[in-house]
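Written out below as structure tokens is the structure these notes cover.
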Amino acid sequence: MNSTTRYNPKETEAKWRQTWSDEQVFKTKFDSKRPKYYSLEMFPYPSGRLHVGHARNYTIGDVIGRYKRASGYEVLRPMGWDAFGLPAENAALDRGAHPKDWTYSNIKEMREQMQLLGFCYDWDAEVATCDVIYYHQQQKIFLDFLKHGIAYQKEAEVNWDPIDNCVLANEEVVDGRGWRSGALVERRKLTQWFFGITKYADELIDGLSTLTEWPEKVRIMQENWIGKSQGCRFNFILPVPVAGYDSDKIEVFTTRPDTIFGASFVAISPQHPLSLTLAKDNPAMAVFIEECKKGGTAAADIETAEKKGFDTGLRVAHPFDDTKTIPVWLANFVLMDYGTGALFGCPAHDQRDIEFARKYNLPVLPVVIPHGVKPADFTLENDAYTGDGILANSEFLNGLDVIAAKQKAIDAFVAKGLGQAETNYRLRDWGVSRQRYWGCPIPIIHCDTCGAVPVPENQLPVELPYDVTFDRPGNPLDRHPTWKHTTCPKCSGKAQRETDTMATFVDSSWYFLRFCDAKNTEKPFDKDRVNHWMPVDQYVGGIEHAVLHLLYARFFTRALRDCGYLNIDEPFRNLFTQGMVNHHTYRDQDGKWLYPYEVEKNSNGDWLKIADQTPAIAGDLIKMSKSKKNTVDPSEIMETYGIDAVRLFVLSDSPPEKDFEWTAAGIDGTWRFVNKLYRLIFDVLPHIAAKGSAQPASFSDAALNLRKLTHRTIATFTDSIEKFHFNAAIARLREYTNELGGIKIDTPDMQWAYREAMETLVQLFAPIMPHLAEELWRDLGYSDFIIDAAWPQVDAELARKDSVTIGVQVNGKVRATITLPAGSDAKTTEQIAVNDPKIASILAQTPAKKIIVVPDRIVNIVVAG
RNA sequence: GUGGGUAUGGCGGAAUGGUAGACGCGCUGGUUUUAGGUACCAGUGCCGCAAGGCGUGGGGGUUCAAGUCCCUUUACCCACACCA
């Protein structure tokens with residue numbers, strides 16, 4: 001074999017890329033008779049450059065897409081851009097680029113890069129969420145949500161940055177300060193638009209059980225996020241009215257109504273209307289409320305946060321025991337926006353409550369006694385008892401178990417007219433208003449006389465004005481000289497446009513539907529088309545979207561269903577969450593980040609900065625990030641090794657669901673394999689049977705063995721691809737090529753078998769390395785595109801193993817291996833095993849007590865001692 | 001704190017309860033080459049000259065048989081987080 005034969009990926013890849021594009025090989029045929037397969041990866045934010053993380057994500061989807069197409073499906077494989085969002089505005093602030101220009105130039109660059117990567121996307125279905133034709137339809141959907149009561153407006157608190165004059169997302173608040181301005185963030189109330197996702201809470205939980213092909217982890221995360229808890233809402237009655245508080249009761253929510261007789265305090269949120277009323281005449285309480293506001297919401301703060309309370313002096317009646325009154329406290333741990341903003345504390349059976357009670361010397365009365373313990377013997381120190389048991393000290397609940405007591409307590413609340421069973425959710429309605437420029441304008445006009453009036457459909461789209469300024473902080477739409485001034489569609493009076501735009505998660509909640517009908521200018525999408533293509537058969541993306549994006553998309557699909565747009569509930573049938581791509585980080589002596597190519601290892605194993613030979617520090621292996629300078633641009637790698645090598649490498653080292661480490665040595669080794677494959681096939685071409693040669697009547701043992709190897713490889717490789725075990729599939733491929741290398745091709749039957757092997761090999765790796773496969777496919781004499789060549793079929797007869805090598809164990813330890821015909825019965829297997837010289841000599845000393853034979857698997861001989 | 005996950009050679013990782021370490025990287029020796037690189041051949045879990053022994057984070061258990069199942073424990077990772 002000629003060791004100097006070298007594959008020229010640059011030339012070959014460019015050639016096939018051009019041909020595929022010219023011949024529109026990846027164009028979706030919407031009228032195809034084939035069964036449909038919708039293969040989708042989460043579309044990217046157009047940040048500027050593609051990195052290897054993207055490449056891995058899209059390669060996974062590409063392999064599936066190509067494999068499914070070869071397997072006879074009509075594949076919809078689109079790509080687009082999640083193109084609205086804050087980074088564009090930051091670019092405008094930082095370097096004066098217009099968000100629109102910046103975004104579209106990024107899209108152009110990234111599209112070119114993606115096309116270089118050879119993905120089989122149908123670019124005719126491309127979508128960018130900042131295209132007017134896209135957000136026009138999104139505005140239509142918004143109006144439909146409004147009609148159906150899914151969209152509504154209400155006042156809500158936001159994080160307000162007083163220096164930048166803008167609202168911040170929670171992620172943009174760092175240690176209570178704006179991430180950009182550093183200003184202390186204030187909470188402000190603004191009227192904002194919401195989508196009623198909570199109405200779908202139960203349906204979204206129930207739907208999870210139908211998503212059997214989703215990772216369990218994601219389903220659990222969503223269920224926890226929705227956070228359904230069943231309990232009871234009831235009132236504590238205030239014996240005397242509180243001036244300024246327009247109620248005579250405190251409403252609480254509890255999941256443990258059974259423990260009502262253990263109640264030793266009522267805790268209300270510092271933001272509770274009662275707290276605010278009382279604080280007006282109580283400076284000390286006002287100070288306490290102010291202090292509670294300060295506490296950060298960051299993870300560390302909460303973990304160390306002390307339970308703090310303030311006794312109001314008020315006492316409420318116990319609902320079932322007139323002899324008891326319960327003190328009302330303000331407590332810093334009570335959230336105003338969950339339940340009713342008030343709760344009753346039962347210290348004996350709630351850990352947080354017992355901490356509070358011990359601190360403020362409130363009574364701790366056990367009312368649930370563990371099974372088998374005498375009530376008199378049961379005491380609690382600093383740990384609450386939250387398990388099951390029998391009710392005690394609880395009048396009419398005594399003797400019941402927890403479940404029965406809950407029900408009876410609720411019945412009693414109902415009978416007294418104090419409350420009723422209620423289900424609460426952690427999930428809040430989805431606030432979609434953003435006080436930003438670069439987003440989809442909310443199609444609403446505010447009129448002083450008519451209120452919030454929807455923009456009539458025939459006046460859509462509400463387009464973003466281009467002539468905006470970013471010289472000052474705040475929303476440019478707000479201070480645009482003309483844009484927001486308009487007339488009311490109802491009364492024709494002077495009115496103002498809504499200047500808020502929609503959160504970008506709205507854009508990504510229906511793009512997968514738009515892909516089915518990307519160019520429709522009449523409506524968001526054609527119903528029949530969506531009903532045909534949806535649900536997405538395989539969705540691939542990062543685990544970081546496990547909750548928000550995937551939950552919003554599930555909600556949107558249902559909301560659109562209820563507006564008559566489509567007939568499905570769940571958008572994504574299979575979900576695959578891939579791992580991150582990590583890379584080593586390096587810093588110089590001053591702690592500045594260095595690119596990996598800026599450092600080298602000296603002979604002592606120490607890292608040096610190449611430029612000036614000063615010491616460098618090797619840092620952690622972390623997710624690729626521009627700021628840490630540990631990104632790898634696939635385009636650079638492609639220059640050297642070709643894109644097929646990159647595609648192969650990102651799939652071969654780790655299972656796709658796990659994190660993957662990018663290494664120079666790794667891509668180098670992969671490149672060697674690409675060449676080896678090329679040589680193996682290219683060099684052998686003159687020696688194998690001609691294309692389409694008749695199958696020989698019989699095969700020699702050697703040729704038959706090759707055919708068996710080929711068919712076993714098809715079987716295991718295909719199985720691994722189906723299971724997303726790409727790394728294992730590639731390992732099988734390497735094994736196969738290793739074995740092919742040593743075979744002599746000197747007889748007609750072997751020439752035929754070898755051609756079969758070569759064609760199979762090329763077809764198997766075609767989804768992973770499409771350019772190389774296409775090239776060799778032509779060399780093998782074909783003129784059609786390999787993506788349309790039917791996936792190799794396994795000949796079951798050939799794939800069956802005819803002999804097996806199994807272990808012979810003595811007391812569970814392997815002492816010998818035997819090879820015997822596959823399918824040998826237990827008796828034969830045992831005979832061969834005990835006759836093995838080594839086994840026989842052991843048995844001569846210690847006779848077998850028992851012999852377990854699992855045909856084709858194992859023999860285990862149990863001997864004494 | 002709650003929920004979920006992971007732990008296998010120097011490294012990435014394979015193993016429907018049935019020969020642990022496939023495949024690759026790295027390393028060692030050799031062949032080709034002016035040299036380097038490439039390519040090819042052989043070896044490579046640990047201890048041991050060998051016979052053999054030991055080995056899947058630790059401890060226990062179920063089983064003829066455990067990386068795999070159960071209990072327990074440690075470390076790390078991810079998500080959520082005062083949710084009543």
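Lettering of chains follows the sequences in order, A, B, ..., and the numbering in each one begins at 1.
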Exercise. Say you pick atom C1' in B/A14 and the same atom in B/G9; how far apart are they, in whole Å?
Worked result: 13 Å
Problem set entry | Sugar-phosphate only, base, or nothing, as touched by A/N738 at under 4.0 Å among non-hydrogen atoms | sugar-phosphate
For this session: Report the distance from atom NE2 of A/H725 to atom P of B/A22, rounded to the nearest whole Å.
Result: 18 Å
Exercise. Within the structure, does a side-chain N or O atom of A/K813 lie under 4.0 Å from either OP1 or OP2 of B/C54?
Worked result: yes
Exercise. Roughly how far apart, to the nearest Å, are B/A50 and B/G57 at atom C1'?
Worked result: 32 Å
For this session: Using the P atoms only, state how far B/A65 lies from B/G61, rounded to an integer number of Å.
Result: 12 Å
Problem set entry | Under 3.5 Å side-chain donor-acceptor pair for A/D429 and A/T198 | yes
Exercise. So does A/N727 get a side-chain nitrogen or oxygen closer than 4.0 Å to the phosphate oxygens (OP1/OP2) of B/A22?
Worked result: no
Problem set entry | Polar pair under 3.5 Å, donor/acceptor by atom type, side chain A/K307, base B/C82 | yes
For this session: Would you mind classifying the nucleic acid contact of A/V547 as base, sugar-phosphate or nothing, using non-hydrogen atoms under 4.0 angstrom?
Result: nothing
For this session: From the options B/C83, B/C64, B/G24, select the nucleotide whose nearest atom is closest to the side chain of A/R734.
Result: B/G24
For this session: Figure out the CG/P separation between A/N224 and B/U2, and round it to whole Å.
Result: 13 Å
For this session: Both distances under 3.5 Å, Watson-Crick or G-U wobble: report the partner of B/U62, or none.
Result: none
For this session: Using whole Å, report how far CG of A/D719 lies from P of B/A15.
Result: 10 Å
Exercise. Does the side chain of A/F682 reach to within under 4.5 Å of the side chain of A/Y7, using non-hydrogen atoms?
Worked result: no
Exercise. Are any of A/R426's side-chain N or O atoms less than 4.0 Å away from OP1 or OP2 of B/G3?
Worked result: no
For this session: From the options B/G4, B/A81, B/A65, select the nucleotide whose nearest atom is closest to the side chain of A/I220.
Result: B/G4
For this session: Test A/F649 against every option in A/F660, A/Y641, A/W671, A/F673 by the ring-ring contact (aromatic ring centres under 6.0 Å, His included) rule and name the one that passes.
Result: A/F660
Exercise. Which one, B/A14, B/G12, B/C25, comes nearest to the side chain of A/D653?
Worked result: B/G12
For this session: Please determine if a side-chain N or O atom of A/R233 lies less than 4.0 Å away from the OP1 or OP2 oxygen of B/A84.
Result: no
Problem set entry | Under 3.5 Å on both distances, the Watson-Crick or G-U partner of B/U38 | none
Exercise. If you check the A/M221 side chain, which of B/A79, B/C64, B/A84 turns out closest?
Worked result: B/A79
For this session: From the options B/A14, B/A84, B/C23, select the nucleotide whose nearest atom is closest to the side chain of A/P655.
Result: B/A14
Seminar exercise, completed: Nearest heavy-atom contact between A/M336 and A/H272 is SD-CA, 3.5 Å
Problem set entry | Pairwise P distance, B/U32 and B/G26 [rounded to whole Å] | 23 Å
Problem set entry | Closest listed nucleotide, where the reference is the side chain of A/K838 and the choices are B/A79, B/A84, B/G52 | B/G52
For this session: Determine the contact category for A/V862: base if any of its heavy atoms lies under 4.0 Å from a base atom, sugar-phosphate if only primed atoms, P, OP1 or OP2 are that close, otherwise nothing.
Result: sugar-phosphate
Exercise. B/A22, B/G13, B/C64: which one has an atom nearest the side-chain heavy atoms of A/K658?
Worked result: B/G13
Problem set entry | Minimum-distance nucleotide to A/Q809 side chain [options: B/G18, B/A39, B/G13] | B/G18
Exercise. Do A/K676 and A/N738 have a side chain donor and acceptor closer than 3.5 Å?
Worked result: yes
For this session: Take A/S652 and A/F673, find for each the nucleotide of RNA chain B with the closest heavy atom, and name the residue whose nucleotide sits nearer the 5' end.
Result: A/S652
Exercise. With the threshold set at 4.0 Å, does a side-chain nitrogen-carboxylate oxygen contact exist between A/R256 and A/D258?
Worked result: yes
Problem set entry | Whole-Å distance separating the CH2 atom of A/W671 from the C1' atom of B/C25 | 18 Å
Exercise. Closest heavy-atom contact between A/I839 and A/V834?
Worked result: CG2-CA, 4.1 Å
Problem set entry | Residue A/E735, side-chain atoms from C-beta onward, closest of B/G18, B/U19, B/A22 | B/A22
Exercise. Any chance the rings of A/Y425 and A/Y338 have centres within less than 6.0 Å?
Worked result: no
For this session: Determine if the base of B/G9 is syn or anti; take syn to mean the glycosidic torsion is within 90° of 0.
Result: syn
Problem set entry | Strand partner of B/A84, provided both Watson-Crick or wobble distances fall under 3.5 Å | none
Problem set entry | Nearest-angstrom distance, P atom, B/C11 to B/G58 | 15 Å
Seminar exercise, completed: A/I268 atom CD1 is separated from B/A84 atom C1', nearest whole Å, by 14 Å
Problem set entry | Value in whole Å for how far the P atom of B/G4 lies from CH2 of A/W214 | 19 Å
Exercise. If you pin A/A731 and A/K217 to their nearest nucleotides in RNA chain B, which one's is more 5'?
Worked result: A/K217
For this session: Report which part of the nucleic acid A/T255 touches: base, sugar-phosphate, or nothing (heavy-atom distance under 4.0 Å, all strands).
Result: sugar-phosphate
Exercise. Across all strands, who's sitting opposite B/A7 as a Watson-Crick or G-U wobble pair, both distances under 3.5 Å?
Worked result: B/U74
Problem set entry | Which nucleotide in B/A22, B/U19, B/C82 has an atom nearest any side-chain atom of A/R732 | B/A22
Problem set entry | A/F310 ring center near A/W329 ring center (under 6.0 Å) | no
For this session: Rounded to whole angstrom, note down the P distance from B/C70 over to B/U63.
Result: 16 Å
Seminar exercise, completed: Across every strand shown, the nucleotide meeting Watson-Crick or G-U wobble geometry with B/G17 (both distances under 3.5 Å) is none
Seminar exercise, completed: Scanning all shown strands, the Watson-Crick or wobble mate of B/U44 with both distances under 3.5 Å is B/G26
For this session: Would you please confirm or rule out a distance under 4.0 Å between OP1 or OP2 of B/A84 and any side-chain N or O of A/S229?
Result: yes
Problem set entry | C1' spacing across the pair B/A15 / B/A22, given as an integer number of angstrom | 8 Å
Exercise. Whole Å only: how far is the CG atom of A/D668 from the P atom of B/A39?
Worked result: 9 Å
For this session: Please measure how far the C1' atom in B/A7 lies from the corresponding atom in B/G67, and state the result in whole Å.
Result: 10 Å
Problem set entry | Whole-Å distance separating the CZ atom of A/R815 from the C1' atom of B/A20 | 16 Å
